[in-house]
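So the structure is just underneath, and the comments pick up after that.
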Amino acid sequence: MDVARRGFLRGRFRQVAAEPRPPWALAEADFIPLCSRCDDCVAACPTRVVRVGDGGYPTIDFSLGECTFCGDCAAACETGAIRREAGAPAWAMKAHLGEACVARKGVECRICGENCEAGAIRFRPALGGISRPEMNEGTCTGCGACVAPCPVGAIAVSNPMESQR
């Protein structure tokens, strides 16, 4: 029985998006049966962004900090639900600037760009106004370093493919 149908049978009538998993986690359909919910990946995370999520499965919480892609979560995973493979990207997640962004509303703020080591958030000068943030998704690693410092919570990290559904 699929996850959506089980949710319906438990009284959950809306489709719930999957929580973001640790880097190098398998696709959700493969991850759930393999993950033993042992919390070894949670304990191994040096930045503490891997936490216990819905159903006891590990998730990423960027309000706690950023992912450094150290691979400790994958090294701690004995079931293979998280597998770090050479040359494989950690994940497809990218940061997205939302409508609440104060810089987009004319208030000087560059906190997200100052915290982006990848240089994915740049500020384009505007004639007669303040610089506006622009996200380069090709450069963004999805590390989440820009999320927690944002004073208005205008940044989210998600998989671009999920937002197209």
Side-chain angles (χ1 to χ4, degrees), residues 1-98 100 111-112 114-121 135-165:
M1 183 180 305
D2 69 9
V3 174
R5 188 167 176 199
R6 281 188 300 214
F8 178 78
L9 294 175
R10 291 185 181 137
R12 293 186 209 145
F13 300 106
R14 63 182 176 85
Q15 181 77 19
V16 177
E19 291 185 286
R21 300 295 175 211
W24 301 287
L26 299 178
E28 193 73 2
D30 298 320
F31 178 83
I32 295 296
L34 282 177
C35 179
S36 66
R37 297 180 270 188
C38 66
D39 298 339
D40 287 349
C41 58
V42 174
C45 181
T47 60
R48 303 287 177 232
V49 295
V50 179
R51 67 167 182 82
V52 177
D54 191 28
Y57 294 101
T59 187
I60 297 289
D61 186 349
F62 291 118
S63 70
L64 304 173
E66 69 183 279
C67 180
T68 62
F69 306 109
C70 67
D72 290 356
C73 56
C77 183
E78 294 183 9
T79 66
I82 305 170
R83 298 180 193 160
R84 186 175 188 174
E85 296 178 17
W91 51 35
M93 294 199 305
K94 304 289 181 184
H96 306 279
L97 300 170
I111 293 172
C112 58
E114 292 167 358
N115 285 279
C116 181
E117 286 187 29
I121 304 172
M135 177 65 68
N136 181 338
E137 286 195 14
T139 306
C140 180
T141 63
C143 72
C146 55
V147 174
C150 179
V152 294
I155 304 174
V157 178
S158 62
N159 187 334
M161 296 306 288
E162 290 173 2
S163 64
Q164 292 176 3
R165 290 181 191 168

Notebook entry, point to check: Looking at side-chain heavy atoms only, is the closest gap between Pro58 and Pro22 below 4.5 Å?
Noted result: yes
Next item on the list: Please assess Ile121 against Cys146 for the test side-chain contact (heavy atoms from CB on, under 4.5 Å), listing each intermediate value before the final yes or no.
Entry: CA-CA 9 Å; Ile121 304 172; Cys146 55; 3.9 Å; yes
Checklist line | Non-hydrogen side-chain atoms of Met93 and Ser158 separated by less than 4.5 Å | finding: no
Notebook entry, point to check: Taking C-beta and beyond as the side chain, do Asp72 and Pro46 meet within less than 4.5 Å on heavy atoms?
Noted result: yes
Next item on the list: Could you tell me whether a side-chain N or O of Asp30 sits under 3.5 Å from a main-chain N or O of Leu26, the two making a donor and an acceptor?
Entry: no
Check: Is the backbone of Cys140 close enough, under 3.5 Å, to the side chain of Lys94 for a donor and an acceptor to pair up by distance?
Finding: yes
Notebook entry, point to check: Going by heavy atoms in the side chains, are Arg37 and Ile32 under 4.5 Å from each other?
Noted result: no
Check: side-chain contact (heavy atoms from CB on, under 4.5 Å) with Val42: which of Val52, Val49, Thr59?
Finding: Val52
Item checked: For the student: nearest non-hydrogen atoms of Pro23 and Ile82, plus distance -> O-CG2, 3.1 Å
Notebook entry, point to check: Quick one: does Trp91's side chain have a donor or acceptor within less than 3.5 Å of a partner on Asn159's backbone?
Noted result: no
Next item on the list: Hey, could you give me the SG/CE distance between Cys116 and Met135, rounded to the nearest 0.5 Å?
Entry: 6.5 Å
Notebook entry, point to check: Looking at Asp39 and Gly56, what are the two nearest heavy atoms and their distance?
Noted result: OD1-O, 4.1 Å
Next item on the list: Provide the closest heavy-atom pair for Phe62 versus Gly142 in the form atom of the first, atom of the second, distance.
Entry: CZ-O, 3.5 Å
Note to self: Show the nearest heavy-atom pair for residues Cys67 and Thr47, with the distance to one decimal.
What the structure shows: CA-OG1, 4.5 Å
Notebook entry, point to check: Within the side chain of Arg48, is there an N or O that forms a donor-acceptor pair under 3.5 Å with the backbone of Ala43?
Noted result: yes
Note to self: On a heavy-atom basis, which atom in Cys150 and which in Ile111 lie closest, and how many Å separate them?
What the structure shows: N-CG2, 4.5 Å
Note to self: A side-chain contact here means heavy atoms from C-beta on lying under 4.5 Å apart; do Cys77 and Asp40 qualify?
What the structure shows: no
Note to self: For Phe31 and Trp24, I'd like to know if the aromatic rings sit close, meaning centre-to-centre distance below 6.0 Å.
What the structure shows: no
Next item on the list: Would you list the pairs meeting salt bridge (charged side-chain N to carboxylate O under 4.0 Å, His left out) in which at least one residue belongs to residues 136-157, sequence neighbours left out?
Entry: none
Margin query: Check whether Thr79 reaches the backbone of Ser36 with its side chain - one donor and one acceptor, N or O, closer than 3.5 Å.
Written below: no
Notebook entry, point to check: Mind checking what makes salt bridge (charged side-chain N to carboxylate O under 4.0 Å, His left out) contact with Glu28, not counting sequence neighbours?
Noted result: Arg21
Checklist line | Residues which pass salt bridge (charged side-chain N to carboxylate O under 4.0 Å, His left out) with Asp61, listed by chain and number, not counting sequence neighbours | finding: Arg51
